[in-house]
Amino acid sequence: MTDFSCATLGCAVPVDDDHEYVLGDYEGPVARWCPGCGDHSILTSVEKLLVAEQLKPEQTMFVSGIGCSSRFPHYLKTYGFHGVHGRALPVATGIKLHRPDLNVFVVMGDGDCCSIGAAHWVHAIRYNMNMVALLLDNSIYGLTKKQTSPTTPQGFKTNTQPFGSFLPPLNPLTTMLGTTNVSFVAQTAEWIPAHLYATLRAAYRHRGLAFVRILQRCPMYTVSLYERAVKDPSLTELLVHDDGVLTPELDAIYRERRAHDPADINAARQLADDTDRIRLGVFFRDERRPCYDEIRRPTKITASERIALLDKELDRYAV
Ligand code: SF4
């Protein structure tokens, strides 16, 4: 019997080690995203994963930055930290370093992760901590009303570039695949729930930083982006492999398939670089890469030892 209470924080209060968690143990308040926003579908799949993996709410942490998608932690009864723009990854890194027993999920938008948070993004990939990072990519700054983001397609009209986005978009997949010590890169789409869920499950079970880019519809500002792909499954190619994501339930609908071994980083880079079609699946996976949280466990010291260390440090700067 575990006597644990966090009622003051509004979290679920599991009291029994044999307790079987159900959806209600994770569901928070009704989400306030726009009707039809892809974030709703992602939240549903994440809740399904939490139930399937029976993750204890009091040992699960969702960390986000700023943006529409970053409201994620509010809608779950796990712990959560809705933080500072672009800083979700360093916050999550600190949490995981000091509480390696927690299941840590990071939720970011494209502006959040790929613009203001880009430096943290690259280093988080190199640190390869045991976490799941979700990039909810709707190709726009939604919360600030249709501003160009790093992944906005060239020529797409926004409120900051009304004649069309000037530059070609940043490719999050090739960025990650070009970063030292990358260990898991996948792409999925929120309008294909079976693929989304299978990808989240593979990411959760990966050892190291599992980075998933989720293509997300924003019916408010980028409605035209994925309209054709949603209606015509032949525009989407699924990468299939035993070490990747397999979704036999989609066989009859998504017939465009390509066998891709996620161990092959050169093939992964080529596939990610070719943006002529939407490709979903695990591009790369290598569980042998070093994880910073496994190499550098924090040293356990007492409170008085910590104060003595701080005093010593302050003495160094005393004039
Ligand atoms: Fe979703 Fe777009 Fe509305 Fe934001 S603005 S909640 S991304 S539909």
Side-chain angles (χ1 to χ4, degrees), residues 42 45-46 48-50 52-53 55 89 92-93 96 100 103-108 113-114 120-137 171-190 192-215 236-251 254 256-275 277-295:
I42 299 166
S45 271
V46 165
K48 190 176 164 191
L49 177 78
L50 295 173
E53 298 291 340
L55 301 190
L89 282 164
T93 299
K96 189 67 185 178
N103 306 297
V104 179
F105 294 81
V106 187
V107 183
M108 300 165 289
C113 174
C114 309
H120 297 303
W121 179 31
V122 169
H123 290 289
I125 294 166
R126 187 169 71 96
Y127 274 51
N128 193 31
M129 310 260 291
N130 281 288
M131 306 187 292
V132 176
L134 306 179
L135 169 58
L136 279 55
D137 190 349
N171 183 333
L173 299 178
T174 52
T175 305
M176 291 188 272
L177 290 166
T179 302
T180 307
N181 211 31
V182 61
S183 78
F184 184 104
V185 175
Q187 177 159 272
T188 183
E190 51 77 14
I192 313 176
H195 196 273
L196 171 62
Y197 174 70
T199 309
L200 292 178
R201 192 180 51 193
Y204 173 70
R205 293 181 178 180
H206 174 72
R207 173 190 163 268
L209 181 71
F211 218 106
V212 182
R213 181 191 188 201
I214 306 174
L215 304 179
T236 300
E237 183 176 79
L238 301 187
L239 303 179
V240 291
H241 194 273
D242 285 345
D243 291 333
V245 168
L246 294 173
T247 46
E249 63 270 50
L250 296 175
D251 280 358
Y254 286 87
E256 298 296 319
R257 282 156 186 264
R258 178 188 291 259
H260 167 64
D261 181 354
D264 186 345
I265 194 160
N266 291 324
R269 285 174 179 149
Q270 278 175 10
L271 290 170
D273 201 33
D274 172 14
T275 53
R277 67 189 323 175
I278 294 175
R279 288 210 168 86
L280 306 180
V282 178
F283 284 72
F284 180 65
R285 178 181 214 166
D286 184 353
E287 296 203 316
R288 297 162 306 169
R289 302 210 162 187
C291 302
Y292 190 74
D293 51 332
E294 292 177 5
I295 298 165

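In what follows, residues are counted from 1 in the order of the sequence shown.
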Side-chain donor-acceptor pair under 3.5 Å between Asp286 and Ser183, yes or no? no
What distance separates Tyr254 OH from Ile278 CD1, expressed to the nearest 0.5 Å? 9.0 Å
Among Thr199, Leu215, Ile214, Val245, which residue meets the side-chain contact (heavy atoms from CB on, under 4.5 Å) test with Leu280? Leu215
Side chain of Arg213, backbone of Leu136: donor and acceptor closer than 3.5 Å? no
Atom CD in Glu287, atom CG in Asp243: separation rounded to 0.5 Å? 9.0 Å
Contact summary for Val104 and Ala92, nearest pair of heavy atoms: CG1-CB, 3.9 Å
How far does CG of Asn181 sit from CG of Leu209, to the nearest 0.5 angstrom? 10.0 Å
Smallest heavy-atom separation, Tyr197 atom then Ala52 atom, equals OH-CB, 3.2 Å
Side chains of Thr188 and His195 only: does a donor on one sit below 3.5 Å from an acceptor on the other? yes
Taking every heavy atom of Gly244 against every heavy atom of Ala202, the minimum-distance pair comes out as O-CB, 4.5 Å
With side-chain contact (heavy atoms from CB on, under 4.5 Å) as the test, would you mind laying out the steps for Tyr292 and Thr93 before giving the verdict? CA-CA 10 Å; Tyr292 190 74; Thr93 299; 5.6 Å; no
Quick one: pull up CG in Leu271 and NE2 in His260 and give me the separation to the nearest 0.5 Å. 5.5 Å
Nearest heavy atoms of Leu238 and Thr247, plus distance in Å: CD1-OG1, 4.0 Å
Any donor-acceptor N/O pair, Glu190 side chain to Ile42 backbone, under 3.5 Å: no
One pair to check against salt bridge (charged side-chain N to carboxylate O under 4.0 Å, His left out): Glu53 and Arg205. What are the steps and the verdict? CA-CA 10 Å; Glu53 298 291 340; Arg205 293 181 178 180; 2.9 Å; yes
So, do Cys113 and Phe211 sit near enough that their side-chain heavy atoms are less than 4.5 Å apart? yes
Any idea which heavy atoms bring Phe284 and Ala263 closest together, and the distance? CE1-O, 3.9 Å
Verdict with supporting geometry, Arg277 and Glu256, side-chain contact (heavy atoms from CB on, under 4.5 Å): CA-CA 11 Å; Arg277 67 189 323 175; Glu256 298 296 319; 3.7 Å; yes
Stepwise, does the salt bridge (charged side-chain N to carboxylate O under 4.0 Å, His left out) test hold for Glu237 with Arg258? CA-CA 7 Å; Glu237 183 176 79; Arg258 178 188 291 259; 2.9 Å; yes
Distance in Å, Leu89 CG paired with Ile125 CD1, rounded so as to fall on 0.5 Å steps: 8.5 Å
Between the main-chain N or O of Arg279 and the side-chain N or O of Gln187, is there a donor-acceptor pair closer than 3.5 Å? yes
Taking every heavy atom of Ser45 against every heavy atom of Pro193, the minimum-distance pair comes out as OG-O, 4.0 Å
Kindly say whether Val282 contributes a backbone atom to a donor-acceptor pair with the side chain of Arg285 at under 3.5 angstrom? no
Checking Leu134 against Val106 for the side-chain contact (heavy atoms from CB on, under 4.5 Å) test, could you report, in this order, the C-alpha distance in whole Å, the side-chain angles of both residues, the deciding distance, and whether it holds? CA-CA 6 Å; Leu134 306 179; Val106 187; over 6 Å; no
Is it true that a side-chain atom of Arg289 and a backbone atom of Asn128 form a donor plus acceptor pair closer than 3.5 Å? no
Contact between Trp121 and Cys114 at the side-chain level, heavy atoms closer than 4.5 Å - yes or no? yes
Here the gap from Cys291 atom SG to Met129 atom CE, rounded to the nearest 0.5 Å, amounts to 9.0 Å
Parallel, tilted or perpendicular for Phe105 and Tyr204, by the 30°/60° rule? parallel
Look only at the side chain of Asp261 and the backbone of Asp264, and say whether a donor-acceptor pair between them is shorter than 3.5 Å. no
For side-chain contact (heavy atoms from CB on, under 4.5 Å), just list the numbers for Val182 and Ile265, CA-CA rounded to whole Å, side-chain angles, deciding distance to a tenth of an Å, and then say yes or no. CA-CA 10 Å; Val182 61; Ile265 194 160; 4.2 Å; yes
